[in-house]
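Working notes, beginning with the structure itself.
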Amino acid sequence: MSTRQDAMPTQTLSQVPPGMEDFVVGLIGMGDMGKMYARRLSSAGWRIMACDREEKYDDLIKEFSGNRNIQILRNGHLVARASSYIIYSVEAAAIGRVVAQYGPSTRLGAIVGGQTSCKDPEIKAFEEHLPDDVDIVSCHSLHGPNVDPKGQPLVLIKHRASDESFAKVETVLRCLGSKHVYLTAAEHDRITADTQAVTHAAFLSMGKAWHANTQFPWEGGRYVGGIENVKINLMLRIYAQKWHVYAGLAILNPEAHKQIGQFARSTTELYYLMLEGRRDELRKRVYAAKDKVFGKEGSPKWGGRPLLRGGLLDRFSLGTRREDEEDGKQPPMQNNHLSLLAMVDCWSALGIVPYDHMICSTPLFRLWLGVAEHLFRTPGLLDECLRVGIEDNTFRRDDLQFTIAACGWAECVSLRQFETWRERFAVTQRFFEPRFKGAVEVGNAMIKAVLESDLE
Ligand SMILES: NC(=O)C1=CN([C@@H]2O[C@H](COP(=O)(O)OP(=O)(O)OC[C@H]3O[C@@H](n4cnc5c(N)ncnc54)[C@H](OP(=O)(O)O)[C@@H]3O)[C@@H](O)[C@H]2O)C=CC1
Ligand SMILES: O=C(O)C(=O)Cc1ccc(O)cc1
């Protein structure tokens with residue numbers, strides 16, 4: 001069982017306070033998030049013991065051989081029995097099985113938590129399989145593994161813990177530089193369902209719609225301009241990820257089903273209104289949703305300054321310029337933005353005010369809310385959108401496929417069909433795969449620019 005690393009002394013502790021020198025952070029699951037935590041916590045001086053599945057042991061040993069604060073072990077039993085604070089960073093759908101396996105090996109008096117995106121199954125697993133002497137403090141970094149955690153929300157859930165244990169967890173995680181947000185597991189699931197579930201449903205549906213019409217949206221002149229850049233970049237960003245992250249938070253979060261179902265209904269009903277040319281009804285419905293979500297004229301819920309700076313998004317295009325463009329500025333083609341109208345309609349139907357959730361939001365959500373806000377607060381833009389929705393057939397086929405896709409995801413989620421969800425995702429992921437490399441870089445740059453403008 002001994003490794004080259006066993007013999008190495010740990011690095012000088014930098015951010016570790018007196019009295020916690022022997023504190024060991026255990027990480028079970030060394031995927032994208034587990035590795036991110038391992039790297040950042042170890043850099044701050046914390047001693048890490050980590051494992052993934054046993055077959056990845058040798059690769060992990062090689063990968064972390066240069067880091068003297070990280071010790072790779074063969075399995076979760078070894079991590080659990082030796083660590084002061086154990087973080088499970090595995091697939092949400094696997095948490096029950098993995099905690100059942102390693103939970104009974106937890107060190108006496110240790111603290112245990114999880115990083116999964118949905119807390120209901122995680123907490124149930126802890127309650128069922130952990131010994132009674134173990135404290136439970138869970139967490140959730142509300143961003144992906146390639147985003148700098150500094151300033152991003154980090155949810156902390158003191159589910160069953162002494163003040164002392166909770167303070168220890170905060171001390172450890174403070175090195176991420178995130179904003180600590182204190183919630184219960186149920187509050188966490190409700191808020192993340194409101195923010196993440198519908199956002200993801202929109203981008204997953206866009207990907208399926210473009211795929212169904214076998215088009216790369218950045219080719220050709222229809223999807224050009226700031227809002228279209230966001231759609232394309234974020235859609236690709238999601239399809240470039242692992243399927244289980246999005247399936248888990250949609251299917252396993254009991255609160256998310258309602259949101260995803262309503263998003264499908266909102267999409268369908270708005271599409272019918274457009275298709276049938278019911279101009280007045282469409283306008284009345286969208287403006288009523290605007291009032292509910294963004295506030296009435298004179299008492300808006302948005303801030304004095306828009307979430308997104310004008311022109312910011314135009315910089316992040318995957319498309320190439322047309323040869324006939326002289327000044328490099330191709331005028332965007334007017335779109336009815338069904339996805340954005342449906343999202344706001346969905347929030348309105350469910351009484352969700354997205355600004356109430358900013359403290360617990362992901363960069364992707366803030367960006368997409370910023371785009372919705374831009375559409376609804378820029379004079380003339382919303383009316384233009386509604387006009388296009390009624391008069392213009394350019395986007396009808398894509399909108400039809402978008403509607404079908406939104407309903408397909410909703411059905412899949414409501415029936416808890418993990419395998420079908422995976423297949424639906426994988427087939428579209430393969431379609432877009434050739435463009436992931438460049439696209440993810442552009443998407444990262446876009447998110448970074450938006451985050452930097454948040455701080456200005
Ligand atoms: N990616 C993201 O943007 C974010 C993800 N999260 C959440 O964090 C968790 C981890 O996500 P992420 O790191 O992206 O996913 P990954 O798939 O990259 O990592 C999960 C890892 O856990 C491993 N694992 C599964 N079973 C065991 C086991 N019995 N023992 C040890 N390791 C095991 C998996 O192996 P294998 O692949 O072989 O199953 C995999 O390497 C998820 O619950 C996700 O919802 C939270 C915030 C952001
Ligand atoms: O920002 C998003 O919505 C992402 O897609 C990244 C992400 C995925 C899962 C999480 O639990 C938190 C963040």
Side-chain angles (χ1 to χ4, degrees), residues 26-39 49-57 59-60 63 72-80 86-103 105 113-122 125 129 138-147 149 152-155 176 178 188-189 191-204 233-253 256 357 360-369 422 440 443-444 446-447 450-451:
L27 285 165
I28 296 181
M30 283 289 273
D32 297 332
M33 291 304 284
K35 284 181 187 175
M36 190 267 277
Y37 264 50
R39 291 204 175 94
M49 292 195 179
C51 74
D52 201 278
R53 288 185 198 271
E54 201 141 350
E55 55 269 30
K56 298 195 200 141
Y57 174 73
D59 287 345
L60 284 173
E63 189 174 343
I72 300 297
L73 301 178
R74 279 191 186 276
N75 62 49
H77 291 296
L78 301 176
V79 171
I86 301 128
I87 305 174
Y88 284 82
S89 190
V90 300
E91 295 89 331
I95 189 84
R97 178 176 47 78
V98 179
V99 176
Q101 202 177 355
Y102 306 131
S105 301
Q115 169 68 269
T116 67
S117 309
C118 165
K119 296 303 175 192
D120 182 65
E122 183 183 295
H129 302 294
S138 259
C139 66
H140 184 192
S141 283
L142 286 175
H143 55 83
N146 298 319
V147 170
Q152 298 305 319
L154 166 65
V155 176
L176 296 172
S178 299
H188 166 278
D189 285 355
I191 295 178
T192 53
D194 286 355
T195 54
Q196 289 189 283
V198 173
T199 309
H200 295 159
F203 292 110
L204 289 164
N233 290 334
L234 296 189
M235 178 281 293
L236 285 170
R237 193 181 166 84
I238 285 182
Y239 276 100
Q241 297 288 323
K242 292 178 180 140
W243 71 276
H244 71 77
V245 174
Y246 301 101
L249 59 81
I251 297 177
L252 296 174
N253 185 342
H357 297 329
C360 194
S361 61
T362 66
L364 204 148
F365 171 75
R366 288 199 293 284
L367 182 43
W368 193 226
L369 171 61
R422 183 158 76 96
V440 169
N444 285 344
M446 188 174 77
I447 296 260
V450 171
L451 293 179

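Read the numbers this way: they start at 1 and go in the same order the structure lists the ligands and their atoms. None of the values given here were measured: they were computed from a predicted structure.
The protein heavy-atom contact nearest to atom 7 (C) of ligand 2 is Gln196 NE2, 3.7 Å. Closest to atom 9 (C) of ligand 1, if we only count protein heavy atoms, is Val90 O, 3.3 Å. The protein non-hydrogen atom at the shortest distance from atom 10 (C) of ligand 1 is Ser89 O, 3.5 Å. Nearest protein heavy-atom contact of atom 3 (O) of ligand 1 is Gly144 CA, 3.3 Å. Atom 13 (O) of ligand 1 has its closest protein heavy atom at Met33 N, 2.8 Å. The nearest protein atom to atom 3 (O) of ligand 2, hydrogens excluded, is given as His200 NE2, 2.8 Å; this is a heavy-atom distance. Ranking protein heavy atoms by distance to atom 6 (C) of ligand 2, first place goes to Gly144 N, 3.9 Å. Looking at atom 40 (C) of ligand 1, its nearest protein heavy atom turns out to be Asp52 OD2, 3.5 Å. Looking only at protein heavy atoms, the nearest one to atom 25 (C) of ligand 1 is Glu91 OE1, 3.3 Å. Among all non-hydrogen protein atoms, the one lying nearest atom 17 (O) of ligand 1 is His244 NE2, 2.8 Å.
The only option from Ile191, Asp194, Thr195 that meets the side-chain contact (heavy atoms from CB on, under 4.5 Å) definition with Cys360 turns out to be Ile191. The only option from Met33, Met36, Lys35 that meets the side-chain contact (heavy atoms from CB on, under 4.5 Å) definition with Ser89 turns out to be Met33.
Glu91 pairs by the side-chain contact (heavy atoms from CB on, under 4.5 Å) definition with Ala94, His244, not counting sequence neighbours.
Contact annotation for Gln241 and ligand 2: no heavy atom of the residue comes within less than 4.0 Å of the ligand. At a heavy-atom cutoff of 4.0 Å, ligand 2 is contacted by the side chain of Tyr246 but not by its backbone. At a heavy-atom cutoff of 4.0 Å, ligand 1 is contacted by the side chain of Val98 but not by its backbone.
Remark: distances from the non-hydrogen atoms of Gly76 to ligand 1 are all 4.0 Å or more. At least one heavy atom of His140 lies less than 4.0 angstrom from ligand 2. Proximity of Ala94 to ligand 1 is not established, as no heavy-atom distance is less than 4.0 Å.
Below 4.0 Å from some heavy atom of Ser117 lie the following atoms of ligand 2, by number and element: 9 (C), 10 (C), 11 (O). Proximity to Gln101 (heavy-atom distance under 4.0 Å) selects the following atoms of ligand 1: 29 (N). Residue contact check: Leu364 has heavy atoms under 4.0 Å from atoms 1 (O), 2 (C), 3 (O), 4 (C), 5 (O) of ligand 2. Under a 4.0 Å criterion applied to the non-hydrogen atoms of Val245, ligand 2 contributes the atoms 8 (C), 9 (C). Set against the non-hydrogen atoms of His143, the atoms of ligand 1 under 4.0 Å away are 47 (C), 48 (C).
Polar contact check, His140 against ligand 1: no nitrogen or oxygen pair lies under 3.5 Å apart. At under 3.5 Å, a nitrogen or oxygen of Lys242, whether backbone or side chain, sits near a nitrogen or oxygen of ligand 1. Residue Ser117 places at least one N or O, backbone or side chain, under 3.5 Å from an N or O of ligand 1. Between His143 and ligand 2, no N or O atom pair is found at a separation short of 3.5 Å.
Between Leu154 and Ser141, the shortest heavy-atom distance links the atoms CD1-OG, 3.5 Å. The minimum heavy-atom distance between Ala125 and Ile95, with the atom names listed, is CB-O, 4.1 Å.
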